[in-house]
Amino acid sequence: MTLETAVILLLCAAVGIAASRICLRQKKALRTICIVLLSLLALALTVYIGLIIFFVDAVSHQPPV
């Protein structure tokens, strides 16, 4: 997965959290499940993006051999 795809999916997860809070006001159990799943997805994507940035930075600052 590319960095751009991960960022787009992270934005979609954030929009999904907001939409589930608005659209699922009467169904508290379903709203909670959706928010938890989307939050876990957002957390995983944030870690993935952070690792990409960390490893790309490490490769770009390698000493010459």
Side-chain angles (χ1 to χ4, degrees):
M1 176 177 358
T2 63
L3 179 61
E4 293 83 15
T5 306
V7 171
I8 290 170
L9 287 174
L10 181 61
L11 291 175
C12 289
V15 170
I17 291 170
S20 66
R21 288 185 59 125
I22 294 170
C23 296
L24 298 174
R25 289 185 186 223
Q26 282 75 29
K27 300 178 181 180
K28 291 188 178 195
L30 184 60
R31 180 181 61 192
T32 303
I33 291 170
C34 287
I35 289 174
V36 167
L37 290 177
L38 289 170
S39 296
L40 289 174
L41 176 66
L43 177 66
L45 288 168
T46 303
V47 169
Y48 182 79
I49 291 168
L51 286 173
I52 288 176
I53 292 170
F54 177 74
F55 287 131
V56 167
D57 182 60
V59 168
S60 67
H61 287 97
Q62 254 184 340
V65 272

field: Straight-line distance of Ile17 CD1 to Leu37 CG, nearest 0.5 Å
entry: 10.0 Å
- prompt: Do you know which two heavy atoms are closest between Leu41 and Ala13, and how far apart they sit?
  reply: CD2-CB, 4.2 Å
Residues 43-57, side-chain donor-acceptor partners within the protein, below 3.5 Å, at least two apart:
unit_1	atom_1	unit_2	atom_2	d
Thr46	OG1	Ala42	O	2.7
Tyr48	OH	Met1	O	2.7
Asp57	OD1	His61	ND1	2.9

- line: Closest non-hydrogen atoms of Arg21 and Arg31, given as atom of the first, atom of the second and distance, are CA-CD, 4.0 Å
- prompt: Shared ILVMFWY cluster between Leu9 and Val7, side chains joined below 4.5 angstrom?
  reply: yes
- request: Among Leu30, Ile35, Ile33, find the residue that satisfies the side-chain contact (heavy atoms from CB on, under 4.5 Å) test when tested with Ser20.
  value: Ile35
- request: Output the distance between atom OG1 (Thr32) and atom NZ (Lys28), rounded to the nearest 0.5 Å.
  value: 8.5 Å
